[in-house]
Structure formats: C-alpha cells, structure tokens
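Below: the structure, in structure tokens.
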Amino acid sequence: MNIRETAPRITELEKISTRTDTRDYLAKAAPTKEKLKDWLIVDVDAHVNETAFWSEVTDRIDNEVLRYIAEAFRERGRGPGLLNANGPLYQDVSGRIMHQQNLSEPTPPGLHRQVQLTQRAMDALGIDYMVVFPTPMLSLGMHPQADAEVALGNAYNRWLIEEILPQDKRQKALLYLPFNEPDACVETVERFADAPGVVGFSVTSTRHKPVWHNSYMRLYAALQETGKPLGFHAGFSWADPSFQQINRFIGMHSLSFVHFNMIHMTNWVLNGLPERFPGLKVIWIESGLAWVPFVMQRLDSEYMMRTSECPLLKRKPSEYIQDMYFTSQPLERSNMKLTQATFEAISADTQLLYASDWPHWDFDAPSSITKLPFLKEDAKRNILGLNAARLFGLEVPAAKSGVKASPQRVAVPAE
Amino acid sequence: MIDWMPGEAMNEIMVGELSEFTEGGYRVLRVDSFEFGIFRQGDRLVAYENQCPHDGGPVCQGKVIPRVEEELAPDQTSRGLRFSKKRNIVCPWHGWEFDIETGRHCGDPKYRLRSVDVKVRDNRVYVSVPPAAL
Ligand code: FES
C-alpha cells in the first residue's frame, strides 16, 4: 500500500455566476494562451454591452428632440427606451450560460467599466487586438424610424470614439452605419473615418434594405476612398414573417443570422458591386461559414444559365466571394470534412479572420482554430491574427510576426 | 477548510466528511492541479473532472438543472415541455448538458465527462487523484 505522507493542497472552486470575474470564467483558456504567446491574436468580432451604459450613449444624440425623448424614456425606468426591442432574449439558455446577460462582475474605479471587461477577456484569451461591436443595437436596423437609427447609431459611434477606444489602443471598432438612411451613412464615414481606433465600418445585417440600390453608391465610393473595410454583421429577427413559423429560439437563431447575410451577399455579387468598387473590401461577420460554399455553388450554377441577369459580372459569383473576408465564429465543426472543404472554398488561409464573439453565449476561443487538424501552422497564424493585421493595418510586434528568427521550428499547439 | 488525511489506496485523498456534501448539492475541488466536481444524489456520490469535452470549459462549476423533456400524447401530438426527474450538469461556457448519473451528453452520448473515482468510508469522502496531478 502506498500512502502519501505530505498534505496536498485542496481548494474549493467557486461556482460560476453572472458575478464571476471574466478572468476566472475563462481561466481554462490559459493553456492555449500559453502555447500561443508568440502568436498575434486578433479577435475581429467581440461585443460591448452598450445598454449597460445607455445614458452615456443617448447623451450623445445629436438631435436635441430625440435626445430629450431618450431622456424621457430613461426617466420611466429600466429599458433602453428609444432603442427597439428584439423579441424574447433567450441567448443565455434561460440562465444556463452566465457570461452574456445581466453581467454584474465588479470592476474597480479607474478605466471605463466596459474597457475593463474587454481587457479581462483579452487577457484571459491571449488576444492582442479586439474589434468590438454593439449588442442590442444589432437589431436597430429594424427600428421603424430611420431618424432614430441615425441618432442612436452616431451616438454609439461617438461613445466608442470618445469614451472607449482612447482608453485602450488594443480595442478597435468597425463603426455603426445607419444604413436605413443612405445619405446619413456617408456623413458618418466622413465624420468618423479618421478617428483613432476606427478600423472600418459595419452594417448590421438585420434589416430589409437592398444593398444594390443606387442610393448607396455614394456610400460605397466614400468607403472605398477611406481604404477601410465594410463589414456586414449578422443578427436575428424573430419578427421576420418566415421566422415566425419557427417555435424554438435554436431554430430561429441558427437560420436567421445566416439568412440576412445570405441575402446581402447575393445582392452584392449579382449586382456587380465588386466590379463597381474593386477597392472596397467586404467582411461577413458572425454568420459562421457553412453557408458560404452553398451560396457559391448555387449562384455559380444558376449564373451559367442566367448570365443575362447579371451583366456586370466578369467572373463566376464564387470567384468574387473568394476575394471577400469572413470571420470564423460560430465555427461549424461537427463534421471536419465539411469544415475542411469550406476552408478550401473560401481560401481561408488568406481570407478568414478569427473571431470570439465574446461575451456572447456561442463564443469561440482561439482553440477553435488551433485544434483544427487539417491546417498548417502558417494558416493558423494567418487566421488567428495576421490576416486581420494586414486587412486593418495593425501593428505587429516582431516576435509575433510568424517569421521565425532562428531555424528552430515552432510547434503547432496540439490539444 | 478541509483537513487532509491519506486514503488507503495509492493517490486516494480524503476530501471531506459526507455531511459536507448536501443532498442534491455539489462541490468543485482542486487537489493540487487536479480539478473535479462531486455531486450528491441521495446516498450516492459521483465525481467528474472539471474539464468539458467540448472545449475544455469548467463544466462542474456550472449549474445543475433538471433535464427538459417534451411530453407526447399517444396520438403523437405534443403536450408541451416539462422537467424530468433526471438532472444535468450544464457547462457554463456554451451550455453543453451532461447527465449527472452517467456523465454523457444528453443529446449525443459519445461525448462524456471523465469520471473520477469517489468512495465513502466511515462517512468520509475519498477521491482517487491521478498521480501526475500530485
Ligand atoms: S466548453 Fe463546455 S460547453 Fe463548450
């Protein structure tokens, strides 16, 4: 019999709750972080929770009447008031996942609470740069009043530029375009394109506005002029008539995020926007990847029969799509053969950008990329950070450039 | 504070009195670098490593909640959702749910939590800890 004589250290671990410090919540990401410490990690889609600081946003509404209305809503009590709601919010699976809704972990005085929360996630996951998007405002494109979208969209942009981005140079943003009002979008680009920390612009995809409409051409020209990319950030709408047939959040959420980006991408390609604005880089954000090969093949095969309907195209639709950028999350990987084929179809080595979606319920840690069995180390480094660094012009520390200083091989993390 | 006592078998560690594990409750412990959850179901204890098979999340530190079932009438019409007597351990990273009795994912049993050997002797709870952790 072999009996240990010295006392082991026994500690009791706390159960996780909405008060758990992000660094504790994500502590188990530490081994991957350690292995990747000389890798550049850029997270191209994470989220702030802007309604937790809503008065800071609404105080920045340009229009005095809408600002007054937002204040009046606020005096009624909780709730974001002027912002439209988006149906029942089941994201946390009724309290099973505790890092998205009702976050109440304490933060000390000092930097803005949102900046601190983002920093904690970056530190826990080993992320060098994090590009942030809003959360409830992802459905602002369905607001019945276009002027409310303009007011809140620009107020949010100002909040990021004035309060958040200056406090941490590693936090970046693709600003909000009030896309239901095309001329206002041009003003947003002209007003904010040069603000520090702004690496591009985004359309929240949940809306019913056709991207091919002539009223948007000034916007695309202005964006192309800045050299900064345009992202389409997916979202859901359970109120959409087709989705009202779906009785479970899982079904609506699975399809709705993809649905809106599928429509915008189809319009984008078939109307020859890549030919009209060849210098405008486009990113498809938070709709996963599995839908992309479907759209490529479907459009290619119909294109061969109905070329007359898209005369601006000089190549097959899939060839334009291969020039676009995609964020990785939520990365479908229950069938690795399909995942590998998808990566090949979209030229992932150069076009794919890692995204965590933190703090949302279906987030992907960097291990979602490092664990993929079919990728070489160079491809993993590109996807996890170097592609984004090139796209956004981010500074890359020499030690993280992926260029080996010595002939020694750097091992690919195997988990 | 848990007093330590060597167990009988190799790497067996006494982690507490049975009374410290309340009926229906659970605790998550770390012995040196080895983390596990101990779950009490009636008189029975089960224990699993605190490492989710999905992406390594702290599965035992999440919630334990009853499994949701859908009740069907004999004619296959749905009578709606209800809670079952079975309980699941829910990983707090992404919500994967594991049967507390078997450790298997309730939607795809090929994914399972790694069991940890736990025994009760003389009202004391002993856990076998892998040698590498000590
Ligand atoms: S790590 Fe446990 S559900 Fe994802």
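Just so it is clear: chains get the letters A, B, ... in the order the sequence lines come, proteins before strands, and each one is counted from 1. Bear in mind that the values here come from a model prediction, so they are computed numbers and not experimental data.
- The backbone N or O of A:K15 lies less than 3.5 Å from no partner atom in the side chain of B:K63, so there is not a single donor-acceptor pair.
- Put simply, the side chain of A:Y25 gets close to the backbone of B:P92: a donor and an acceptor are under 3.5 Å apart.
- Ion pairing of A:K28 with B:E49 is absent here, as no side-chain N (NZ or NE/NH1/NH2) approaches a carboxylate O to less than 4.0 Å.
- Between chain B and the residues A:I97, A:D362, A:V93, the largest count of heavy-atom pairs under 4.5 Å involves A:I97.
- Ring geometry for A:F363 versus B:H94: interplanar angle under 30°, hence parallel rather than tilted (30 to 60°).
- At least one side-chain heavy atom of B:E97 sits under 4.5 Å from a side-chain heavy atom of A:R96.
- Here the closest heavy-atom approach between residue A:K371 and residue B:H54 is recorded as NZ-O, 4.0 Å.
- In B:D122, the CG atom is not crowded: 12 or fewer heavy atoms of neighbouring residues, nucleotides or ligands sit closer than 6.0 Å.
- Residues B:L29 and A:L13 fail the side-chain proximity criterion, which asks for heavy atoms closer than 4.5 Å.
- For B:V64, no part lies near chain A; criterion is any non-hydrogen pair under 4.5 Å.
- Within the model, atoms CG of B:D55 and CG of A:D364 stand 7.5 Å from one another, a figure rounded to the nearest 0.5 Å.
- Using a 4.5 Å cut-off between heavy atoms, A:E14 contacts chain B through its backbone alone, with no side-chain atom that close.
- B:L81 touches chain A through its side chain: at least one heavy atom from C-beta onward sits under 4.5 Å away, while N, CA, C and O do not.
- Interface check for chain B: of the options A:S368, A:G95, A:S17, the most heavy-atom pairs under 4.5 Å are formed by A:G95.
- With a 6.0 Å radius and a threshold of 12 heavy atoms from other residues, nucleotides or ligands, A:F243 has its CZ atom above the threshold.
- In this structure, the separation between SG on B:C91 and CD1 on A:I16 is 8.0 Å, given to the nearest 0.5 Å.
- For B:N50, the parts lying near chain A are the backbone and the side chain together; criterion is any non-hydrogen pair under 4.5 Å.
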